[in-house]
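Per chain, numbering begins at 1; letters A, B, ... match sequence-line order.
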2 protein chains.
Amino acid sequence: MEELLIENGLRATKARMEVLNVLKSNSMPLSADELILKINREVVSGSSVYRILSELEKASILKKTLRQNGLHYYTIYDSHEHYIVCSNCGKIVPITHCPISPYEEGIAQNTGFKVTGHILELQGICSDCQG
Amino acid sequence: MEELLIENGLRATKARMEVLNVLKSNSMPLSADELILKINREVVSGSSVYRILSELEKASILKKTLRQNGLHYYTIYDSHEHYIVCSNCGKIVPITHCPISPYEEGIAQNTGFKVTGHILELQGICSDCQG
DNA sequence: GTGGATGCAAACCATTTGCACGCCA
DNA sequence: TGGCGTGCAAATGGTTTGCATCCAC
């Protein structure tokens with residue numbers, strides 16, 4: 001964890017370690033809000049959480065995604081990519097296998113864009129909420 | 001346009017017509033901001049634009065999408081679905097053909113969700129910005 | 001010791017909402 | 001005419017920022 005920061009030219013401060021540790025121990029992406037709740041408030045303040053998340057994202061340590069619920073979610077970069085979100089209760093479940101990647105080359109040719117990534121958010125009703 | 005409103009149980013007011021007409025004459029989704037700029041301000045105020053957009057979305061006349069730039073974009077429901085966004089200048093270009101739909105059935109089986117839709121946003125650098 | 005990192009509180013900005021007035025059915 | 005629709009301005013809520021202080025190096 002400490003190495004991860006230093007490798008990327010960032011100081012290994014207590015606050016940054018705390019944020020990374022909480023994210024590491026969660027397999028699912030967390031919103032800033034959720035993170036602030038799980039964090040030791042003695043070690044990091046709310047505004048620092050935002051500043052740290054933004055730095056870690058710039059350093060490509062974290063991936064930031066804006067969901068349709070209006071909140072930003074953060075996750076360590078190599079974690080799972082896509083999720084389906086329950087429109088009723090907000091539950092999220094990972095999608096295994098990404099159907100987009102194979103299409104990126106063709107899209108690049110059709111549009112002239114250099115494709116750098118994609119955001120995919122499946123929406124639905126989870127089994128618990130279908131009743 | 002007037003019929004479209006009445007069919008959906010909404011009064012055909014000048015303000016709603018104006019919003020729908022501006023959206024109709026644009027093939028690309030518009031943000032509330034862009035809409036407010038294009039609209040006749042004598043006919044609709046800013047806050048009413050938001051209220052109208054929200055009603056039209058509830059009535060399933062408009063589709064609302066939150067892009068990664070943090071803005072909501074609105075479009076008449078049958079319009080094009082997916083776009084690639086330039087991370088540098090913000091230009092958007094439609095993607096022909098949606099690679100997701102064929103996978104929705106399988107995802108439903110794997111997750112137990114009833115799949116109701118998806119948001120896909122491709123990200124890249126447009127040809128003008130690649131220099 | 002010194003410059004980057006943090007805490008606090010105030011600023012931001014898109015969007016939402018309360019309330020009084022105005023217009024459509 | 002009655003009530004939905006609208007305008008204005010103030011509130012909201014997640015996120016950002018200015019500035020003084022603190023700590024990692």
Side-chain angles (χ1 to χ4, degrees), chain A residues 1-23 29-59 61-74 90, chain B residues 1-23 29-59 61-75 85 90:
Chain A
M1 213 74 309
E2 196 168 336
E3 292 173 9
L4 186 54
L5 289 168
I6 295 173
E7 279 172 13
N8 285 278
L10 296 173
R11 287 190 185 177
T13 66
K14 284 177 196 166
R16 284 171 182 163
M17 306 278 276
E18 176 72 4
V19 169
L20 275 177
N21 282 329
V22 173
L23 282 171
L30 293 177
S31 66
D33 245 29
E34 292 169 339
L35 206 44
I36 289 170
L37 287 178
K38 296 198 174 209
I39 255 173
N40 183 346
R41 311 285 225 84
E42 312 283 302
V43 179
V44 205
S45 70
S47 64
S48 287
V49 167
Y50 281 103
R51 247 186 305 231
I52 290 169
L53 289 173
S54 150
E55 281 155 12
L56 297 182
E57 194 218 347
K58 269 185 210 139
I61 296 172
L62 298 183
K63 187 178 170 199
K64 176 185 188 180
T65 306
L66 178 54
R67 296 240 179 99
Q68 296 298 310
N69 68 1
L71 297 178
H72 294 271
Y73 286 78
Y74 298 83
Chain B
M1 212 74 309
E2 197 168 335
E3 291 173 11
L4 187 55
L5 289 169
I6 295 172
E7 278 172 13
N8 285 279
L10 297 174
R11 287 191 185 174
T13 67
K14 284 177 196 169
R16 284 170 182 164
M17 305 279 277
E18 175 72 4
V19 169
L20 275 177
N21 281 329
V22 173
L23 282 171
L30 293 176
S31 66
D33 245 28
E34 293 169 338
L35 206 45
I36 289 170
L37 286 178
K38 296 199 175 209
I39 255 175
N40 183 346
R41 308 287 221 83
E42 312 284 303
V43 179
V44 205
S45 71
S47 63
S48 287
V49 167
Y50 281 102
R51 246 185 304 229
I52 290 170
L53 288 172
S54 151
E55 281 156 11
L56 296 182
E57 193 218 347
K58 268 186 211 138
I61 296 173
L62 299 183
K63 187 177 172 201
K64 176 185 186 177
T65 306
L66 178 54
R67 296 243 177 97
Q68 297 298 310
N69 68 1
L71 297 179
H72 295 272
Y73 286 77
Y74 298 84
T75 189
V85 181

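Rounding to the nearest 0.5 angstrom, the gap separating the CD1 atom in I52(B) from the CG atom in L5(B) is 9.5 Å. R51(A) contributes atom CZ, which lies 7.0 Å from atom OG of S45(A) (distance to the nearest 0.5 angstrom). Interatomic distance, K38(B) NZ to L23(B) CG, rounded to the nearest 0.5 Å: 10.0 Å. The line from CG of L53(A) to CG of L35(A) is 5.5 Å long, rounded to the nearest 0.5 Å. With rounding to the nearest 0.5 angstrom, the NZ atom of K58(B) is 13.5 Å from the CG atom of N8(B). Atom-to-atom distance recorded for T65(B):OG1 and E57(B):CD is 8.5 Å, nearest 0.5 angstrom.
The footprint of chain B on DNA chain C, defined by a heavy-atom cutoff below 4.0 Å, extends from dA14(C) to dA25(C). First and last contacts of DNA chain D with chain A, using any nucleotide atom under 4.0 Å from a protein heavy atom and ordered 5' to 3', fall at dG14(D) to dC25(D).
Between D33(B) and L71(B), every side-chain heavy-atom pair lies at or beyond the 4.5 Å cut-off. With contacts defined as side-chain heavy-atom distances shorter than 4.5 Å, the pair L66(A)/R67(B) does not qualify. Counting only heavy atoms from C-beta outward, the side chains of Y74(A) and L56(A) never approach each other to under 4.5 Å. With a 4.5 Å cut-off on side-chain heavy atoms, L30(B) and T75(B) do not count as touching.
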Dump the intermediate steps for side-chain contact (heavy atoms from CB on, under 4.5 Å) on E34(B) and Y73(B), then the final yes or no. CA-CA 9 Å; E34(B) 293 169 338; Y73(B) 286 77; 3.9 Å; yes

Could you walk me through whether V22(A) and N40(A) pass the side-chain contact (heavy atoms from CB on, under 4.5 Å) test, one step at a time? CA-CA 10 Å; V22(A) 173; N40(A) 183 346; over 6 Å; no

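Proximity of residues 4-22 of chain A to DNA chain C (heavy atom under 4.0 angstrom from any strand atom) is restricted to R11(A), T13(A), A15(A), R16(A). Within residues 33-43 of chain A, no residue has any heavy atom under 4.0 Å from DNA chain D.
Nearest heavy-atom pair across L10(B) and A59(B) is CD1-CB, 4.2 Å. Residues Q68(A) and K64(B) approach most closely at OE1-O, 4.5 Å, considering heavy atoms.
Direction change of the helix axis from one end of the helix from dG1(C)-dC25(D) to dA25(C)-dT1(D) to the other is 30°, with five pairs defining each end axis (rounded to 10°).
Along DNA chain C, the nucleotide nearest to R51(A) and the one nearest to A32(B) differ in position, and the one closer to the 5' end is contacted by R51(A). Looking at which nucleotide of DNA chain D each of E2(A) and E55(B) is closest to, the 5′-most match is held by E55(B).
A salt bridge (Lys or Arg N to Asp or Glu O under 4.0 Å) check over residues 8-20 of chain B, counting only residues at least two apart or in different chains, returns the pairs R16(B)-E55(B).
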